[in-house]
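Scroll down for the structure; my scribbles are underneath it.
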Amino acid sequence: MIRGRTTGALVTLTVLVLAGCSGEEKNYAVPEKLCGAQVSPELTENLLPSGDEIRVVEEESNTSSPHQFCRILVDDKVELSTEGAWQPAGTTAKEAAEKSLVFGTQATEGGKFAIGERRAVTVVDCKNSKYKAERFSVELEVNQPEGEVGEKMQSFLSAFSESYLKTLPCGS
């Protein structure tokens, strides 16, 4: 009799544990294209939490040198966001980070990236006379990082910025 109750309790406990774990899965498909940039879904997924629904929102500021924003929401919470901004010639990733109030970063790949705890910045060459710029910076923010995400942010930023560069009016 005790054995039957123990088995029943174990089955109930197993069902409860499995039901609890179902909320820990990523029940959404990450798009291959984010805000005009082709990015491997795995690079994006590595930075996102579990959830059921994903949505991408694009915006641009109405300033003389517009900033471009991309927000990725999981279950209606912003979990990952990017901000692109025009920069003067010679701007390093660390300088662009500090301009965006991203402090305490470590420069990697000869200064191409500035990596922080939840935020990272990179710069790409993109001359645009209208905005008096020769570089474009991309800032990434991860709202719920799981463990050390520095390398994951750098991998995402590398792919995203190179692809996004193709959508920018460079050389104008």
Side-chain angles (χ1 to χ4, degrees), residues 28-49 54-74 76-172:
Y28 52 82
V30 175
E32 288 186 27
K33 199 168 193 175
L34 297 171
C35 303
Q38 288 287 131
V39 180
S40 167
E42 295 82 33
L43 293 176
T44 307
E45 190 175 310
N46 286 336
L47 297 169
L48 295 173
I54 189 169
R55 190 164 49 104
V56 179
V57 178
E58 296 178 57
E59 298 175 293
E60 186 173 296
S61 68
N62 291 330
T63 58
S64 60
S65 178
H67 286 227
Q68 290 139 2
F69 304 94
C70 181
R71 290 177 179 74
I72 300 170
L73 294 84
V74 174
D76 291 322
K77 294 180 191 164
V78 176
E79 298 296 349
L80 188 145
S81 59
T82 65
E83 179 180 348
W86 295 98
Q87 302 290 345
T91 302
T92 66
K94 196 151 184 79
E95 290 167 339
E98 289 170 359
K99 239 179 171 178
S100 293
L101 304 178
V102 179
F103 301 107
T105 62
Q106 297 295 316
T108 63
E109 286 196 30
K112 183 174 179 178
F113 298 94
I115 308 292
E117 191 173 310
R118 292 183 18 216
R119 295 164 79 187
V121 178
T122 191
V123 290
V124 291
D125 291 329
C126 181
K127 188 173 185 170
N128 186 297
S129 58
K130 179 178 178 182
Y131 303 127
K132 297 179 179 110
E134 290 195 22
R135 290 201 145 177
F136 190 82
S137 65
V138 180
E139 175 190 339
L140 170 68
E141 182 171 3
V142 179
N143 290 335
Q144 290 190 47
E146 293 180 11
E148 172 54 45
V149 294
E151 287 182 27
K152 294 175 187 177
M153 288 191 300
Q154 183 172 320
S155 294
F156 173 87
L157 260 183
S158 180
F160 181 84
S161 64
E162 289 303 316
S163 181
Y164 196 75
L165 179 63
K166 297 172 187 168
T167 71
L168 295 171
C170 300
S172 58

**Request:** Tell me, with the steps shown, if Leu48 and Leu80 meet side-chain contact (heavy atoms from CB on, under 4.5 Å).
**Result:** CA-CA 7 Å; Leu48 295 173; Leu80 188 145; 3.8 Å; yes
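- Side-chain atoms of Ser163 never come within 3.5 Å of backbone atoms of Ala159 as a donor-acceptor pair (strictly under, hydrogens ignored).
- Side-chain contact between Leu168 and Trp86: present, with at least one pair of heavy atoms (C-beta onward) separated by less than 4.5 Å.
- Tested against Val30 for a side chain to side chain contact (heavy atoms under 4.5 Å, CB included), the candidates Ile54, Ile72, Asn46, Val74 yield a single pass: Ile54.
- Under a cut-off of 6.0 angstrom, the local environment of CD in Glu98 is crowded, with over 12 non-hydrogen atoms contributed by other residues, nucleotides or ligands.
- Looking at Gln87, Glu95, Lys99 one by one, the single match for side-chain hydrogen bond (donor to acceptor under 3.5 Å, both in side chains) with Ser137 turns out to be Gln87.
- Within the 4.5 Å cutoff, the side chain of Val56 has heavy atoms near those of the Cys70 side chain.
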**Message:** Quick one, Gln154 with Thr108, criterion side chain to side chain donor-acceptor pair (under 3.5 Å). Give me CA distance, side-chain angles, the key distance, then yes/no.
**Reply:** CA-CA 9 Å; Gln154 183 172 320; Thr108 63; 2.8 Å; yes
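- Looking only at distances, a side-chain donor or acceptor of Thr122 sits under 3.5 Å from a matching main-chain atom of Lys112.
- The residues Glu58 and Lys33 are annotated as not salt-bridged, no charged nitrogen and carboxylate oxygen being separated by less than 4.0 angstrom.
- Heavy-atom neighbours of Glu151 CD from other residues, nucleotides or ligands within 6.0 Å: at or below the threshold of 12.
- With contacts defined as side-chain heavy-atom distances shorter than 4.5 Å, the pair Cys170/Phe136 does not qualify.
- In this structure a side-chain-to-backbone donor-acceptor pair under 3.5 Å is missing from Lys94 to Gly111.
- Counting heavy atoms from C-beta on, the side chains of Leu73 and Val78 come closer than 4.5 Å.
- Remark: the backbone N or O of Tyr164 is paired with a side-chain donor or acceptor of Thr167 at under 3.5 angstrom.
- None of Val149, Val102, Asn143, Leu140 except one satisfies the side chain to side chain contact (heavy atoms under 4.5 Å, CB included) rule with Arg118; the exception is Asn143.
- Between the Arg119 side chain and the Glu141 main chain, no donor and acceptor come within less than 3.5 Å of each other.
- Under the 4.5 Å side-chain criterion, counting only non-hydrogen atoms from C-beta, Phe69 is in contact with Ser61.
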